[in-house]
Amino acid sequence: MTGAFDHLTPREREVLLKIASGLTNAEIGAELGVTTGTVKTDVNGLLTKLGLRDRVQATILAYESGLIRPRTS
């Protein structure tokens, strides 16, 4: 992960991957062992750092940058 993702913390990168995988804040929190509030803070931080409006834009960026790939059946 280079370029735009360089300014993200490791946790923000992890949360971005989970957002792009379609998980909710509650699901992300459960997987990471943190509160939903902590996840919201991480989501807001990564959106701000990447200059994105919402989770949809974050997901699109993750796919377009090759950070995550579509699942194959």
Side-chain angles (χ1 to χ4, degrees):
M1 287 178 272
T2 59
F5 303 114
D6 288 345
H7 300 300
L8 299 181
T9 65
R11 173 62 61 79
E12 288 168 339
R13 287 184 196 127
E14 190 172 17
V15 169
L16 176 57
L17 290 172
K18 294 189 181 301
I19 288 170
S21 296
L23 298 182
T24 65
N25 287 349
E27 291 167 335
I28 295 168
E31 284 197 12
L32 299 179
V34 298
T35 67
T36 302
T38 298
V39 175
K40 287 180 183 180
T41 298
D42 291 332
V43 171
N44 287 332
L46 73 88
L47 292 176
T48 299
K49 289 177 183 178
L50 296 173
L52 303 173
R53 183 176 53 240
D54 54 32
R55 295 167 70 99
V56 173
Q57 285 190 328
T59 300
I60 292 168
L61 179 63
Y63 277 93
E64 287 182 346
S65 67
L67 184 63
I68 193 166
R69 295 176 192 249
R71 290 184 226 166
T72 58
S73 304

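A quick note: this is a predicted structure, and the numbers were derived from the prediction, not measured. All values below come from the heavy atoms of this structure, side chains included, with hydrogens, waters and symmetry mates left out.
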Would you compute the distance between atom CD1 of Ile28 and atom CZ of Arg11 and round it to the nearest 0.5 angstrom? 10.5 Å
Taking side chain to side chain donor-acceptor pair (under 3.5 Å) as the test, write out the residues that go with Thr24, two or more places apart. Glu27
Spacing of CG belonging to Leu17 relative to CD1 belonging to Ile68, to within rounding of 0.5 Å: 6.0 Å
Checking the side chain of Lys49 only, and the main-chain atoms of His7 only, is there a donor and an acceptor separated by less than 3.5 Å? yes
Leu8 versus Leu50: any side-chain heavy-atom pair under 4.5 Å? yes
Taking the side chain as every heavy atom from C-beta outward, state whether Val39 and Lys18 have any pair of such atoms under 4.5 Å apart. no
Going by the side-chain hydrogen bond (donor to acceptor under 3.5 Å, both in side chains) test, which pairs reach into residues 53-63, not counting sequence neighbours? Asn25-Arg55
To the nearest 0.5 Å, tell me how far Ile19 CD1 sits from Glu12 CD. 10.0 Å
Would you mind listing every side-chain hydrogen bond (donor to acceptor under 3.5 Å, both in side chains) that reaches into residues 32-45, with sequence neighbours excluded? Thr35-Thr38
Find out whether Val15 and Leu32 are in side-chain contact, i.e. whether some heavy atom of one side chain is under 4.5 Å from a heavy atom of the other. yes
If you take all heavy atoms of Ala58 and Leu52, which pair is closest and at what distance? CA-CD1, 3.5 Å
Between atom CD1 of Ile60 and atom OG of Ser65, what is the distance when rounded to the nearest 0.5 Å? 11.5 Å
